[in-house]
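What follows is one structure encoded as structure tokens, with my remarks underneath.
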2 protein chains.
Amino acid sequence: MISKKTKYAFLALINLAGQPNGQPILIADLAQDENIPKKFLEFILLSLRKGGILQSRIGKGGGYSLALPPNRITVGAVIRILEGDLAPVPCLSKTNHAHCEECRDEATCGIRLVMDDVNKTLSSVLENLTLADMIERSENEISKRKNVVDFSI
Amino acid sequence: MISKKTKYAFLALINLAGQPNGQPILIADLAQDENIPKKFLEFILLSLRKGGILQSRIGKGGGYSLALPPNRITVGAVIRILEGDLAPVPCLSKTNHAHCEECRDEATCGIRLVMDDVNKTLSSVLENLTLADMIERSENEISKRKNVVDFSI
DNA sequence: TTTATTCCCCAGTAGCTCAGTCGGTAGAGC
DNA sequence: GCTCTACCGACTGAGCTACTGGGGAATAAA
């Protein structure tokens, strides 16, 4: 289950992606638009900036904007920035690998071997889905529903 | 990331699967064998029994044993019993569906649409991996390593 | 150079979950 | 009826989640 933090991040990113020619938007406006607690959003955007997904400018006319085009912002990257490593067991984590104390032999541990499969599958799905997909899917769904309504009139 | 509870559960299940002709094993023995806090293991085994994966007998000669053959105990079922629903967003949960208050329109929410894909992929992977796979993979790895050692002598 | 604007950053907090622990109850077999 | 075993509810300390508050620092316009 993704945290609220991550969900807020996606809402913010979708909003930012909709901004005409990448114009910066203020934390305060974004917070109001998306109904996200301002201070919390501030922290989220900062994390995304440090993760290289957003860029910011201080002072008048400043704000946040995407640092990459939406089709290069993967769902996996966003989740990894906000939730940390997404390995299902500590011994599979690349960034902060910690071997499991319960494990007798890490190399032959069945749990690890099976979870590695899960991990690989999950990673590949999350790396192949992008912010652009999120937006496209949503738009497709909206127009599909609109057509249904139009026909039914 | 799976919790320690779930990892203990897999360790216990692997141990139980190795028991000759499904003989019951005591919580205390299992706890000692696998280095799991006894009281904690007690609760885990109880959950698995309620989930239909284990069966128990009280009194002398009692204990726990598998209620199903290892190839019918899926990794997904075990995780679901111990961690609860594995839906990535509350609005995708089948068992306790709660719509996300942030969401304007659930039907056209891009986050939901994309996460549904993730959810489906993850579910199908977890439902296709079983306790038998865990054991088999581990044994394969052990024999593979043993051969390497044999040849190197 | 002042001032308004905007992000940056640290510190704290209520409530919840995780990983257990304690103490007792109830059923099965001898 | 005694012993062995699983069953069950309540409790706890540490750490995490979802925030809130108070300033500080960079930037641009005046």
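Order of the sequence lines fixes the chain letters, A, B, ..., with proteins taken first and strands second; residue numbering starts at 1 for each chain.
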Exercise. Atom CD1 in A/I73, atom CZ in A/F10: separation rounded to 0.5 Å?
Worked result: 10.0 Å

Problem set entry | Backbone N/O of A/S3 and side chain of A/E83: donor-acceptor pair under 3.5 Å | yes

Seminar exercise, completed: Rounding to 0.5 Å, atoms CD1 (A/I81) and OG1 (A/T6) come to a distance of 10.0 Å

Exercise. For DNA chain D, what residues of residues 12-30 of chain A have any heavy atom nearer than 4.0 Å?
Worked result: none

Distances for protein N/O vs nucleotides 24-29 of chain D N/O pairs under 3.5 angstrom?
none

Exercise. Sub-3.5 Å donor-acceptor pair from the side chain of A/S93 to the main-chain atoms of A/P90, do we have one?
Worked result: no

Exercise. Who are the salt bridge (charged side-chain N to carboxylate O under 4.0 Å, His left out) partners of B/K5, not counting sequence neighbours?
Worked result: none

Problem set entry | Pairs flagged by ring pair (Phe, Tyr, Trp, His ring centres under 6.0 Å) wherever residues 13-37 of chain A is involved - sequence neighbours left out | none

Problem set entry | Polar contact flag, side-chain donor to acceptor under 3.5 angstrom, B/Q23-B/S65 | no

Problem set entry | Residue pairs involving residues 104-141 of chain A (criterion ring pair (Phe, Tyr, Trp, His ring centres under 6.0 Å); sequence neighbours excluded) | none

Exercise. If you take all heavy atoms of B/A87 and B/L92, which pair is closest and at what distance?
Worked result: CB-C, 3.8 Å

For this session: For residues 106-130 of chain B, pull every pair meeting ring pair (Phe, Tyr, Trp, His ring centres under 6.0 Å), keeping only residues two or more places apart or in separate chains.
Result: none

Side-chain donor-acceptor pairs of residues 28-42 of chain B under 3.5 Å, sequence neighbours excluded:
from	atom 1	to	atom 2	distance (Å)
B/D33	OD2	B/N15	ND2	3.3
B/E34	OE2	B/N15	ND2	2.8

Exercise. B/R57 side chain to B/G61 main-chain N or O, any donor-acceptor pair under 3.5 Å?
Worked result: yes

Problem set entry | Nucleic acid contacts of residues 48-55 of chain B, taken as heavy-atom distances under 4.0 Å to DNA chain C | none

Pair up each side-chain donor or acceptor in residues 122-138 of chain A with any protein partner under 3.5 Å, not counting sequence neighbours, and list the distances.
from	atom 1	to	atom 2	distance (Å)
A/S123	OG	A/N119	O	2.9
A/S124	OG	A/T121	O	3.4
A/E127	OE1	A/T74	OG1	3.2
A/E127	OE2	A/R80	NH2	2.3
A/N128	ND2	A/S124	O	2.8
A/T130	OG1	A/A132	N	3.2
A/T130	OG1	A/D133	N	3.3
A/T130	OG1	A/D133	OD2	3.4
A/D133	OD2	A/T130	N	2.9
A/R137	NH1	B/L113	O	3.4
A/R137	NH2	B/D117	OD2	2.8
A/S138	OG	B/T108	O	2.6

Exercise. Would you say D/dT17 has OP1 or OP2 under 4.0 Å from some side-chain N or O of A/K4?
Worked result: no

Exercise. Which residues satisfy the salt bridge (charged side-chain N to carboxylate O under 4.0 Å, His left out) test with A/E106, sequence neighbours excluded?
Worked result: A/R112

For this session: Check every strand shown and say whether B/K5 touches a base, only sugar-phosphate, or nothing at a heavy-atom separation below 4.0 Å.
Result: sugar-phosphate

For this session: Search all heavy atoms of B/G62 against all heavy atoms of B/L26 and return the closest pair with its distance.
Result: O-CD2, 3.4 Å

Problem set entry | Distance in angstrom units between A/D85 CG and D/dC16 C1', rounded | 17 Å

For this session: Please list, by residue number, the residues of residues 39-47 of chain B whose heavy atoms come closer than 4.0 Å to an atom of DNA chain D; answer none if no residue qualifies.
Result: B/K39, B/E42, B/L46

Exercise. Taking 5' to 3' order, which nucleotide of DNA chain C is first and which is last to have an atom within less than 4.0 Å of a heavy atom in chain A?
Worked result: C/dT5 to C/dC9

